[in-house]
**Q** 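What follows is a single structure, and I will ask about it in a moment.
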2 protein chains.
Amino acid sequence: MSERVVPPAARQRRRPTKQGVVLSAELIVDTALRLIEEHGADALSVRRLGRALGADPSSLYRYFRHTDDLMLAIADELIGRTLRVWRPTGDWRADLRELGLRMHAGALAHPRAAMLSAHRVTGRAHEIQAVEGIIGVLRRAGFPDPEAVRIYHAFVDQALAFGALDSAGTALPRAAREAEAEVWRDTYAHLPADTHPHIAATARHLVASMRSSSYPAALDLLLTAAQTRLDHLRAGTDG
Amino acid sequence: MSERVVPPAARQRRRPTKQGVVLSAELIVDTALRLIEEHGADALSVRRLGRALGADPSSLYRYFRHTDDLMLAIADELIGRTLRVWRPTGDWRADLRELGLRMHAGALAHPRAAMLSAHRVTGRAHEIQAVEGIIGVLRRAGFPDPEAVRIYHAFVDQALAFGALDSAGTALPRAAREAEAEVWRDTYAHLPADTHPHIAATARHLVASMRSSSYPAALDLLLTAAQTRLDHLRAGTDG
DNA sequence: CTTCACAGGTCAACGGTGTTGTCGTAAGGT
DNA sequence: ACCTTACGACAACACCGTTGACCTGTGAAG
């Protein structure tokens with residue numbers, strides 16, 4: 001074996017595969033993302049990716065040490081894409097809401113990658129840029145430093161956590177996802193009022209609510225609480 | 001094949017395996033949890049579980065239709081364990097805070113299981129009991145039904161999502177976890193103020209905050225927002 | 001232009017996975 | 001003591017990630 005993976009800079013001998021494709025780390029990442037998007041999260045396997053590229057599966061190991069390595073590269077690409085289109089306007093609440101929803105949407109677009117990368121701190125350029133931007137928004141809004149950090153931390157983790165949670169939902173095989181919807185419709189909607197009064201009373205709302213992600217609601221709750229805190233601080237300072 | 005899985009009530013012929021173990025859904029779930037705890041999440045496979053039980057892997061299909069089915073049973077068992085020690089006092093905010101922290105702690109106690117099951121709706125006994133309990137607390141507190149469901153949904157998902165997120169963190173190999181802490185200490189704590197003013201200004205707080213979970217803070221923010229909403233509703237009704 | 005080292009694509013194999021069809025046997029009801 | 005049948009065992013299938021050995025065309029050096 002010795003060293004299988006060669007750093008991208010040193011690559012030069014661009015030999016095409018048997019089927020005429022010239023491989024590159026970029027092409028592999030892009031193809032992987034396309035595969036995930038088109039055929040669901042479980043469509044991503046080294047062998048399938050190889051087939052989609054028109055190359056032997058083992059060729060990929062010349063570019064990535066193992067599948068995890070590939071996943072991180074994919075995640076990195078995703079962070080970049082999300083951040084690239086965020087333009088803070090100066091309204092802290094609207095800006096954070098926008099960014100939160102974008103992060104969540106980005107995760108849902110690539111469930112498998114989101115699940116694997118949510119809990120990792122990369123310390124890379126894109127991530128640092130995001131941290132600086134969010135804390136900046138909060139400080140400019142008037143939050144004192146410890147408060148800004150607390151809210152930053154909760155905000156980011158919430159976006160990542162819900163992104164991963166909801167991604168896991170969409171990554172399920174179609175049959176399992178339908179089974180879940182059925183559980184709410186069939187089991188919860190028909191519990192008798194004498195044994196389960198609260199579920200019976202709210203069944204209609206439950207079935208409707210469970211159909212969609214609770215992230216927007218949770219995000220708004222977080223922002224509302226932050227707003228309340230800010231109002232409180234202002235009142236304390238002004239009066 | 002016909003029907004392979006027999007409902008637990010109908011079981012009677014308790015034939016021991018070749019190695020003398022008498023199987024049961026309970027025993028299988030318990031063994032699976034033990035396996036996950038001791039050897040990590042990837043230690044859970046039908047074949048390994050069979051080996052750990054002293055039974056042929058295919059025997060498990062007499063108790064669970066497929067692996068997913070087994071995962072749901074594991075998840076429900078965890079919910080049950082958490083719920084078993086929760087005693088609502090009547091103070092809705094304190095009760096939900098208590099339950100949220102318990103769920104989070106329960107997830108951290110079984111990181112791998114939490115990660116695998118956080119996103120599943122089981123529709124099983126313990127879960128139903130939890131739903132009834134939480135919505136009951138909210139309705140008794142005075143939230144109208146749609147509001148109660150919205151908050152219930154956000155509350156539960158947030159507890160599960162953070163549970164899974166933080167579990168993923170603790171499930172990392174020790175080396176990787178230390179590397180992450182280092183990133184905060186070394187990279188973020190030393191960014192120059194002229195390029196990253198906001199990070200530089202709050203670095204001290206950042207390093208401290210990132211060491212621990214943001215779930216308690218996020219939970220308090222959610223409860224604060226709910227309280228605000230409740231006050232608002234009361235003011236509207238009373239005045 | 002020719003030569004030739006070796007990057008990088010390919011092949012075959014290993015040990016793992018979930019899942020299913022078939023079969024034998026011992027447990028329980030009669 | 002017999003019969004039925006639940007249920008555990010076995011073998012097979014198609015897939016997975018990963019590796020070591022092999023072979024060939026590329027691109028630079030002479």
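In what follows, chains are A, B, ... by sequence order, proteins preceding strands, each numbered from 1.
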**Q** Within less than 4.0 Å of OP1 or OP2 of D:dG8, is there a side-chain N or O belonging to B:Tyr61?
**A**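 No, no such contact exists.
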**Q** Taking atom types as modelled, is there a side-chain donor on B:Glu77 or B:His126 under 3.5 Å from an acceptor on the other?
**A**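 There is no such pair between these side chains.
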**Q** Base, sugar-phosphate or nothing for A:Ser58? Non-hydrogen atoms, less than 4.0 Å.
**A**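 Base, at least one base atom sits under 4.0 Å.
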**Q** I need the CG-P distance between B:Leu60 and D:dC10, as an integer number of Å.
**A**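 From B:Leu60 CG to D:dC10 P: 14 Å.
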**Q** Any side-chain to backbone donor/acceptor pair from A:Thr202 onto A:Leu206? Under 3.5 Å, distance only.
**A**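 Side chain of A:Thr202 to backbone of A:Leu206, a donor-acceptor pair under 3.5 Å: no, none is there.
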**Q** With rounding to the nearest 0.5 Å, note down the distance linking OG1 in A:Thr31 to CD in A:Glu38.
**A**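 If we round to the nearest 0.5 Å, A:Thr31:OG1 and A:Glu38:CD are 10.0 Å apart.
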**Q** Over how many whole Å does the gap from A:Leu23 atom CG to D:dG25 atom P extend?
**A**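 Atom-to-atom, A:Leu23 to D:dG25, this comes out as 16 Å.
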**Q** Closest to the B:Pro16 side chain: C:dG18, D:dT18, C:dA27?
**A**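 That would be C:dA27.
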**Q** If you check every side-chain atom of B:Ala55, which of C:dT10, D:dA9, C:dT17 has the closest atom?
**A**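 Closest nucleotide among those given: D:dA9.
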**Q** Considering only side-chain heavy atoms of A:Ser59, which listed nucleotide, D:dA9, C:dG9, D:dG17, is closest?
**A**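 Nearest to the side chain of A:Ser59 among the choices is C:dG9.
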**Q** Picking from C:dC11, D:dC10, D:dG8, which would you name as closest to the side chain of A:Asp56?
**A**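 Nearest listed nucleotide: C:dC11.
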**Q** Within the structure, does a side-chain N or O atom of B:Tyr63 lie under 4.0 Å from either OP1 or OP2 of D:dG8?
**A**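 Indeed, a polar side-chain atom of B:Tyr63 lies that close.
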**Q** Do B:Glu127 and A:Tyr188 have side-chain atoms, one donor and one acceptor, less than 3.5 Å apart?
**A**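 The criterion, which ignores hydrogens and geometry beyond distance, is satisfied for A:Tyr188 and B:Glu127.
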**Q** Say you draw a straight line from CG of B:Leu101 to OG1 of B:Thr82; how long is it, rounded to the nearest 0.5 Å?
**A**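 So the CG of B:Leu101 and the OG1 of B:Thr82 are separated by 12.0 Å.
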**Q** Of all the nucleotides listed (D:dT19, D:dG17, D:dC16), which has the minimum atom distance to the side chain of A:Arg51?
**A**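 For A:Arg51, the side-chain atoms sit closest to D:dC16.
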**Q** Which listed nucleotide (C:dT19, C:dC11, D:dC16) is nearest to the side chain of B:Val46?
**A**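 Looking only at heavy atoms from C-beta outward on B:Val46, the closest nucleotide is C:dT19.
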**Q** Looking only at the side chain of B:Arg62 (C-beta and beyond, no hydrogens), which of the listed nucleotides C:dG9, C:dG18, D:dA9 gets closest?
**A**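 So the side chain of B:Arg62 is nearest to D:dA9.
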**Q** Would you indicate which nucleotide in C:dG9, D:dT18, C:dC11 comes nearest to any side-chain atom of A:Arg47?
**A**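 Of the options given, the side chain of A:Arg47 lies nearest D:dT18.
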**Q** Grab the CG-P distance between A:Leu49 and D:dC16 for me, whole Å please.
**A**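 It works out to 11 Å between those atoms.
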**Q** Which one, D:dG17, C:dC11, C:dG9, comes nearest to the side chain of A:Ser45?
**A**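 Comparing D:dG17, C:dC11, C:dG9 against the side chain of A:Ser45, the answer is D:dG17.
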**Q** In whole Å, I'd like the distance from the CZ atom of A:Arg65 to the P atom of D:dT18.
**A**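 Rounding to the nearest Å, CZ of A:Arg65 and P of D:dT18 are 12 Å apart.
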**Q** Please state whether the phosphate of C:dT25, meaning OP1 or OP2, lies under 4.0 angstrom from any side-chain nitrogen or oxygen of B:Lys18.
**A**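 Negative; the distance criterion is not met.
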**Q** From CZ of A:Phe64 over to P of D:dT19, roughly how many Å is that when rounded to an integer?
**A**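 Going from CZ in A:Phe64 over to P in D:dT19 covers 16 Å.
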